[in-house]
Amino acid sequence: MTAVPERRTSVEMAITVNEAAFLAGVAIKAVNQAIDRKQIQSRLLRRSADHVTRVVDAGAAVFLSFSSLLAPEIRSKVYRLFRGKALAELPRRLEMGSVVIDLRQTIERFEARLDLLTRISARVESDAEVHGGDPVFAGTRIPVYSIARKLELGATREELTEDYPRLREGDIDLATQYAKLYPRRGRPRAEWTRAMKRAEDARGA
């Protein structure tokens with residue numbers, strides 16, 4: 001079953017790598033590299049019996065949104081000011097010697113994206129008795145991943161709206177964003193295809 005992310009507040013301290021990339025406006029690879037290089041701290045969070053993921057806190061996610069502007073020699077010092085803090089506790093202005101950074105707009109953008117993340121989660125629900133627990137739009141049986149996949153394969157918005165009249169305005173964009181933030185777990189299609197071919201070759205040998 002695919003777990004639907006919990007609704008988030010400004011003091012949420014368990015932000016996944018994909019969510020952190022979205023909130024900070026950076027690439028997912030950049031978040032993973034920052035963790036691997038120990039530029040920010042992470043911890044492991046068990047989302048289900050078979051799913052463990054890396055998460056960071058709000059302070060780390062905000063730090064990532066502007067850390068590329070900092071000289072390497074002060075990054076770790078600045079990060080210590082943000083580490084483990086909730087959004088409301090973060091400084092809106094940094095003064096470190098000759099370095100002065102106004103973070104008000106940075107944090108406002110972060111808060112706006114956090115609000116969007118909360119709206120996305122509120123619009124999606126999961127029920128074991130509906131499509132085996134796959135995420136659907138709240139109050140419907142329309143699978144979120146299915147809409148994102150159809151759009152990826154070339155379906156137009158008009159076609160999707162006609163085929164699924166219960167879709168609300170903005171749901172199609174939401175499906176695309178949801179699929180990016182919470183990619184369906186399982187073996188990638190290409191890897192699965194290669195595995196099937198190897199199995200067929202082995203049977204024919």
Side-chain angles (χ1 to χ4, degrees), residues 2-48 51-124 135 144 148 152 170 173-185 188:
T2 304
V4 173
E6 298 177 358
R7 288 164 176 70
R8 303 202 177 274
T9 68
S10 60
V11 295
E12 174 60 58
M13 300 297 284
I15 300 170
T16 69
V17 168
N18 284 18
E19 290 169 344
F22 170 71
L23 293 169
V26 300
I28 294 172
K29 181 179 180 180
V31 181
N32 280 314
Q33 285 180 339
I35 294 172
D36 293 339
R37 295 170 181 173
K38 303 189 184 306
Q39 295 168 348
I40 61 172
Q41 291 183 349
S42 69
R43 62 185 176 89
L44 295 178
L45 177 68
R46 183 173 294 281
R47 286 294 178 87
S48 64
H51 183 209
V52 177
T53 188
R54 296 201 290 190
V55 296
V56 300
D57 58 44
V62 172
F63 171 77
L64 287 173
S65 66
F66 69 92
S67 61
S68 62
L69 303 176
L70 301 172
E73 60 269 19
I74 67 169
R75 283 179 190 166
S76 60
K77 184 176 181 180
V78 172
Y79 172 60
R80 286 196 292 272
L81 299 175
F82 285 72
R83 183 178 59 200
K85 289 186 171 61
L87 201 54
E89 302 172 318
L90 299 179
R92 267 48 179 177
R93 180 182 173 88
L94 279 179
E95 295 187 31
M96 305 189 71
S98 61
V99 177
V100 178
I101 303 177
D102 189 333
L103 294 174
R104 286 175 297 180
Q105 289 187 346
T106 297
I107 293 178
E108 285 173 4
R109 284 193 298 270
F110 188 96
E111 289 173 331
R113 289 170 178 159
L114 188 64
D115 287 342
L116 177 57
L117 199 63
T118 300
R119 291 198 300 273
I120 289 173
S121 295
R123 181 61 180 134
V124 178
V144 179
E152 181 184 355
D173 289 332
L174 183 151
T176 300
Q177 186 64 65
Y178 186 94
K180 290 179 181 177
L181 284 166
Y182 311 107
R184 175 174 272 168
R185 289 186 290 122

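In this structure, the side chains of Lys77 and Met96 come closer than 4.5 Å at one or more pairs of heavy atoms. Counting heavy atoms from C-beta outward, Phe82 and Leu94 have side chains that approach closer than 4.5 Å. Looking at heavy atoms from C-beta onward, Pro183 lies in side-chain contact with Asn18 at the 4.5 angstrom threshold.
Checking Leu81, Leu103, Leu70, Asp57 one by one against Phe63, the side chain to side chain contact (heavy atoms under 4.5 Å, CB included) holds for a single residue, Leu70.
For the residue pair Ile107 and Pro91, the shortest heavy atom distance occurs at CD1-O, 3.6 Å. Heavy atoms only, all atoms of each residue included: Val56 and Ser42 are closest at CG1-CB, 4.0 Å. What you find for Ala24 and Ala61 is that their closest heavy atoms are CB-O, 3.3 Å. Scanning all heavy atoms of the two residues, the minimum distance from Arg43 to Ala14 falls at NH2-CB, 3.7 Å. The two atoms that bring Ala179 and Ala148 nearest to each other are CB-CB, 3.8 Å, heavy atoms only.
For the atom pair CD (Gln33) and CD1 (Ile28), the distance works out to 12.5 Å, reported to the nearest 0.5 Å. Between the CD1 atom of Ile15 and the CZ atom of Phe22 there is a distance of 12.0 Å, given to the nearest 0.5 Å. Remark: Ile40 CD1 to Tyr79 OH distance equals 6.0 Å, nearest 0.5 Å. Note that the CG atom of Leu114 and the CD atom of Glu19 stand 9.0 Å from one another [nearest 0.5 Å]. Here the OG atom belonging to Ser67 is positioned 7.0 Å from the CD atom belonging to Gln39, to the nearest 0.5 angstrom. Taken to the nearest 0.5 Å, the CG atom of Leu181 stands 7.0 Å off from the OG1 atom of Thr16.
Remark: Arg54 engages Asp36 in a salt bridge, criterion side-chain N to carboxylate O under 4.0 Å. The residues Glu111 and Arg92 are annotated as salt-bridged, a charged nitrogen and a carboxylate oxygen being separated by less than 4.0 angstrom.
A donor-acceptor pair is defined here as one N or O able to donate and one able to accept, closer than 3.5 Å; such a pair exists between the side chain of Ser121 and the backbone of Leu117. Side-chain atoms of Glu89 come within 3.5 Å of backbone atoms of Ala86 as a donor-acceptor pair (strictly under, hydrogens ignored).
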**OP:** Run the numbers on Thr53 and Val17 for side-chain contact (heavy atoms from CB on, under 4.5 Å), then give the verdict.
**Re:** CA-CA 8 Å; Thr53 188; Val17 168; 5.7 Å; no
Original post:
Could you walk me through whether Val62 and Leu64 pass the side-chain contact (heavy atoms from CB on, under 4.5 Å) check?
Top reply: CA-CA 5 Å; Val62 172; Leu64 287 173; over 6 Å; no
**OP:** Report the C-alpha separation of Val100 and Arg93 in whole Å, then their side-chain angles, then the decisive distance to 0.1 Å, and conclude whether the side-chain contact (heavy atoms from CB on, under 4.5 Å) test is met.
**Re:** CA-CA 7 Å; Val100 178; Arg93 180 182 173 88; 3.4 Å; yes
**OP:** Apply side-chain contact (heavy atoms from CB on, under 4.5 Å) to Gln41 and Arg83, showing your working.
**Re:** CA-CA 8 Å; Gln41 291 183 349; Arg83 183 178 59 200; 3.5 Å; yes
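The number of heavy-atom neighbours closer than 6.0 Å to CD of Gln105, taken from other residues, nucleotides and ligands shown, is 12 or below.
A centroid separation of 6.0 Å or more is found between the aromatic rings of Phe110 and Phe66.
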